[in-house]
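What follows is a short report on a single structure.
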Amino acid sequence: MASADVVIVGGGANGASVAFHLAVLGVRNVRLLERRHLGAGATGKSGALVRMHYTNEAESRLAFESLKTFRDFATVVGGDCGFEPVGFVQLVPRGYEHALSQNVETQRRIGIETRVVSKNELAELLPDCDLGDVGGAAWEPDSGFADPNATTFAFADAARRLGVAIETGCEVTRVLARGGRVGGVETARGRVDAPVVVLAPGAWAGSLLAPLGLDFGLRPHRIQVAVFRWPHGFTLRHPAVIDAVHHSWLRPEGEAATLIGVELGAGHADPDAYDEGVDAAYVALCRKTLATRFPAFGEATMRGGWAGMIMMSPDGRPIIDEIPSVRGLYAMLGDSGTSFKTSPAIGKCLAEWIVHGRPRTADLGPFRSTRFAEGRPWHDPTNYGAERLTISR
Ligand SMILES: Cc1cc2nc3c(=O)[nH]c(=O)nc-3n(C[C@H](O)[C@H](O)[C@H](O)COP(=O)(O)OP(=O)(O)OC[C@H]3O[C@@H](n4cnc5c(N)ncnc54)[C@H](O)[C@@H]3O)c2cc1C
């Protein structure tokens with residue numbers, strides 16, 4: 001039988017970030033257990049947009065705290081997270097201009113570099129783009145995208161250097177709890193006793209939560225993306241874009257291609273038996289949506305695509321909490337397809353909570369697990385007309 005001060009379940013961006021930040025805070029006997037390999041879950045498939053624009057302050061704060069890490073990754077963590085600050089544009093439909101201004105105002109108050117741009121400025125940021133149906137747009141010059149695998153590997157490498165044990169190919173089969181306290185985990189390789197367990201198992205959370213009597217209404221979803229080679233004459237290394245008019249997002253991929261994701265609606269799937277490829281119908285939808293903005297992409301060559309599994313929470317926002325009914329059990333659950341960019345801050349906050357008794361970097365109250373039982377699921381009054389989208393971004 002082994003023991004640890006903290007066991008972390010899951011080697012995605014969030015589990016690796018927790019491991020790194022615990023080690024930085026001086027916790028030495030930390031074990032991260034990953035059933036497959038680092039980045040095997042949503043992280044490895046992520047579009048990895050790094051943008052600050054949300055329709056609520058709490059997520060913008062997590063994203064902004066995380067941006068500080070992405071921007072200065074070699075110094076803060078070590079290694080390279082592949083961050084590319086190509087800038088970010090948020091497009092909203094007509095009728096939502098006021099909500100956009102309010103959100104941008106909130107973000108500026110936090111310290112985020114962002115502003116609403118005029119139609120003329122937008123046309124300069126996105127030349128050759130058809131913007132006729134856009135109501136308003138916001139611009140973030142410091143945002144962009146990162147390499148999700150590189151980020152995770154770098155967090156893990158830095159954690160290892162600080163003494164964290166990272167075991168891959170090690171599945172946690174059960175969380176041990178007694179008398180309202182966590183006691184460790186059972187794994188395929190034996191038991192590990194620990195007074196603190198952090199769950200970051202992505203779409204695979206269900207089998208660990210159910211035996212504890214925990215049901216937060218989480219549902220695994222299969223999410224797809226497609227890549228299109230830039231058509232003849234298209235050379236613009238464009239910014240990352242979230243398009244709330246067409247429920248899609250895009251960013252450059254490699255030297256001469258664009259990666260796009262489009263909302264598909266409910267797409268429940270078994271995370272242990274899902275198709276990792278992209279569907280032909282989805283490719284057609286992506287090409288059509290891309291061409292709606294950039295007409296030149298109407299005949300663009302498809303160059304690939306893939307699918308990954310995310311875990312949706314009932315209100316489309318993550319749960320980040322110490323589970324009240326099982327003391328010592330901390331969790332990052334229901335990533336809802338948006339929790340790569342926030343992983344640096346999520347890991348830091350959870351580590352602070354474990355070590356100092358409360359998160360210091362950001363307020364995690366809005367992410368509490370009890371909000372559903374309280375009948376107060378998350379709602380943003382300044383949203384852009386559609387919440388709980390299953391599109392990842
Ligand atoms: C196609 C796609 C595009 C996306 N685009 C964006 C984006 O642009 N921006 C953004 O911020 N987010 C995006 N996301 C979402 C983002 O990738 C996820 O929210 C984030 O990576 C979740 O990280 P995680 O560490 O919480 O979970 P995961 O990366 O899913 O990691 C969970 C890990 O836990 C392991 N595990 C599970 N159960 C066990 C067990 N019992 N024992 C041991 N190990 C276990 C799994 O094998 C897995 O490696 C996207 C996701 C997808 C799929």
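Every number for a ligand or one of its atoms is a count from 1 in the order of the listing. Quick note: numbers below take in every heavy atom, side chains included, and nothing from hydrogens, waters or symmetry partners.
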Distance-only side-chain donor-acceptor flag, Asn103 / Thr382, under 3.5 Å: yes
Donor-acceptor pair between Thr114 and His53 side chains, under 3.5 angstrom: no
Can you check whether [X] has an N/O within less than 3.5 Å of an N/O in ligand 1?
| X | answer |
| --- | --- |
| Ser46 | yes |
| Asn14 | yes |
| Ile223 | no |
| Ser339 | yes |
| Lys45 | no |
| Thr43 | yes |
| Val9 | no |
| Ala42 | yes |
| Gly47 | yes |
| Arg35 | yes |

Salt bridge Glu374-Arg368, side-chain N to carboxylate O under 4.0 Å: yes
Glu253 bridged to Arg303 by N-O distance under 4.0 Å: no
Whether Ala48 lies under 4.0 Å from ligand 1, heavy atom: yes
Region of Ala205 engaging ligand 1 - heavy atom pairs below 4.0 Å: neither
Numbering as shown, the atoms of ligand 1 that approach [X] to under 4.0 Å (heavy-atom distance):
| X | value |
| --- | --- |
| Leu208 | 41 (N) |
| Cys170 | 43 (C) |
| Ile310 | 51 (C), 53 (C) |
| Ala200 | 32 (C), 33 (C), 34 (O) |
| Val225 | 1 (C) |
| Leu49 | 7 (C), 8 (O), 9 (N), 11 (O) |
| Trp204 | 30 (O), 37 (C), 38 (N) |
| Leu33 | 43 (C), 44 (N) |

From CA spacing to verdict: side-chain contact (heavy atoms from CB on, under 4.5 Å), Asp315, Arg371: CA-CA 10 Å; Asp315 59 12; Arg371 63 185 192 265; 2.7 Å; yes
Validation row: Trp139, Arg115 side chains within 4.5 angstrom (heavy atoms): yes
Within-4.5 Å side-chain heavy-atom neighbours: Thr342 and Glu59: no
Distance from [atom] to nearest protein heavy atom, with residue and atom:
| atom | value |
| --- | --- |
| atom 34 (O) of ligand 1 | Gly10 CA, 3.2 Å |
| atom 37 (C) of ligand 1 | Pro201 O, 3.3 Å |
| atom 41 (N) of ligand 1 | Val172 O, 2.9 Å |
| atom 15 (C) of ligand 1 | Gly337 C, 3.4 Å |
| atom 12 (N) of ligand 1 | Phe340 N, 3.4 Å |
| atom 10 (C) of ligand 1 | Lys341 NZ, 3.2 Å |
| atom 33 (C) of ligand 1 | Glu34 OE1, 3.5 Å |
| atom 19 (O) of ligand 1 | Asp335 OD2, 2.6 Å |

Cationic tip of Arg222 above Tyr274 ring, under 6.0 Å, 45° of axis: no
For [X] and [Y], work out which heavy atoms get closest and say how close.
| X | Y | value |
| --- | --- | --- |
| Val225 | Val278 | O-CG2, 3.7 Å |
| Thr69 | Phe155 | CG2-CZ, 4.5 Å |
| Ser46 | Pro148 | O-CG, 3.7 Å |

Aromatic plane relationship, [Y] with [X] - under 30° parallel, 30 to 60° tilted, over 60° perpendicular:
| X | Y | answer |
| --- | --- | --- |
| Phe234 | Phe294 | perpendicular |
| Tyr96 | Tyr384 | perpendicular |
| Tyr330 | Trp353 | perpendicular |

Thr258 and its side-chain hydrogen bond (donor to acceptor under 3.5 Å, both in side chains) partner, picked from His238, Arg251, Arg237: His238
From CA spacing to verdict: side-chain contact (heavy atoms from CB on, under 4.5 Å), Gln90, Tyr54: CA-CA 9 Å; Gln90 172 73 51; Tyr54 278 90; over 6 Å; no
